[in-house]
2 protein chains.
Amino acid sequence: MMKTDTQLKLIEIATPLFATKGFSSVSVREVTDSAQTNVSAISYHFNGKEGLYQAVLEEQFTPIMQALQVAKNNNSLSPIERLTFYADQIAYIHAQRPFLARFISSEVTNPTGYGGPVIEKHLSQVYQFLRSTLQEGIDNGDVQPDLNIAYAAISLAGILNFYFITKPLIQKFTPLTEDANAQYTTHAFHIYLHGIINKA
Amino acid sequence: MMKTDTQLKLIEIATPLFATKGFSSVSVREVTDSAQTNVSAISYHFNGKEGLYQAVLEEQFTPIMQALQVAKNNNSLSPIERLTFYADQIAYIHAQRPFLARFISSEVTNPTGYGGPVIEKHLSQVYQFLRSTLQEGIDNGDVQPDLNIAYAAISLAGILNFYFITKPLIQKFTPLTEDANAQYTTHAFHIYLHGIINKA
DNA sequence: GTCTATATTGCGATAGAC
DNA sequence: GTCTATCGCAATATAGAC
């Protein structure tokens, strides 16, 4: 299904509004005023406010699914290399979609009912990917054998994603340069990796 | 200012509602119906919906301020010991206030205007505490000297807090035992510590 | 497809009886 | 201090002209 100019415009305007204010705090008038159209456009094109929100969410999540697909199919990489690839992808995706972290965080803490299932499905896949990659690392001796892979998977997701979730706040009390995203990710992953590798 | 039974009851009922649905998705009727009183009670006791929300937030944040005060005053501890103390406190506080993580996450992603400043003030203090403690660790040789303390501080906050923010979601695709909170915190902090200590 | 005008609902706040 | 009834407003959705 091809999207019209009006549909694209509405999604573009609605994305930062939903991300920063939350679904229920955004009025459809707010969106249509900025998009220089009228309220009925949302009902006509998206079957109401919830439909617009769903369209925004789906558009936000496409790069995550793609990156995960690539990481899984990349069988030539070692477990550690695959985790490194994941870390790099995180920085790249958040640079590409600066509002993604807010949508995830928002849907995790205050699920909307339509967004909840979408987030759940995707994050569950990320979790399983990290778990199984860590297990492979233990099996081939690169990773400490006494590691709890469930907790270690959450730790990695946390050390990488928390920064992007809290970035709007962090910026208020510490300066962040333009390339801070990649720098943080590299540094944080470095700490994590030194914490889990097997010292031979 | 001493709180009456009705005030305490309203705060108790409102806390999980605000935490799980978000400020704007909770109606005052919803709260007063569950609290077995009437709408006007909120205006009478808290000067409106926003006043009730502020009272809820303040009640949630008291243990963080207290823990930080104790950690700062504990000058007998080494930097590493003080970070360990902080990690233990995180698990304890979240066990004491199971909704705190949701309020923080919610206010960081979708600030309400009254909650925003409160969160900002407190989290800024936590950040400065972690930063300066890490710097002390570098100075006394316990911590790797090439560590970026700003990124390392965020990494620690992330590895510890992300779990509690996403816990409602994590529980949906992996089983968590009753003592998982403390277990996760110990394990995650262990990974982090091995990632930053100076191998002499 | 796009607009205006309106229907309808639900919200927070409050006046006033008790 | 607590209640009922109601006011006034802003929300989404939609009917119907163009």
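The structure presented is a predicted model; accordingly, all values stated were derived computationally and were not measured. Each chain gets a letter, A, B and so on, in the order its sequence line appears, and its residues count up from 1.
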- Query: Just how far, in rounded Å, is C1' of C/dG1 from NZ of A/Lys9?
  - Reply: 17 Å
- Query: Would you say a side-chain N or O of A/Thr37 is under 4.0 Å from OP1 or OP2 of C/dC3?
  - Reply: yes
- Query: What does A/Thr4 touch in the nucleic acid at a heavy-atom separation under 4.0 angstrom: a base, only the sugar-phosphate, or nothing?
  - Reply: nothing
- Task: Answer yes if A/Met65 and A/Tyr92 sit in the same cluster of Ile, Leu, Val, Met, Phe, Trp and Tyr residues linked by side chain heavy atoms under 4.5 Å apart, and no otherwise.
- Result: no
- Query: Expressed in angstrom and rounded to an integer, what is the separation of B/His45 atom NE2 from D/dC3 atom C1'?
  - Reply: 12 Å
- Taken to the nearest whole Å, CG/A/Asp33 to C1'/C/dT2 is 15 Å
- Centroid separation A/Phe18 to A/Tyr53 less than 6.0 Å: yes
- Message: Looking only at the side chains, is there a donor atom on one of A/Thr109 and B/Ser106 sitting less than 3.5 Å from an acceptor on the other?
- Response: no
- Task: Under the side-chain contact (heavy atoms from CB on, under 4.5 Å) rule, what do B/Ile154 and B/Tyr127 come out as? Steps first, then yes or no, please.
- Result: CA-CA 7 Å; B/Ile154 300 167; B/Tyr127 173 72; 4.1 Å; yes
- Whole angstrom is fine here: how far is it from CZ in A/Phe46 over to C1' in D/dA13? 16 Å
- Message: Using the ring centroid of each side chain, check whether B/Tyr151 and A/Tyr184 are separated by less than 6.0 Å.
- Response: yes
- Task: Give a yes/no verdict on a cation-pi contact between A/Lys49 and A/Phe23, requiring under 6.0 Å between NZ or CZ and the six-membered ring centre and an angle within 45° of the axis.
- Result: yes
- Task: At under 4.0 Å between heavy atoms, which parts of nucleotides 9-14 of chain C does protein reach? Answer with one letter per nucleotide, 5' to 3': B base, S sugar-phosphate only, - none.
- Result: --SBBB
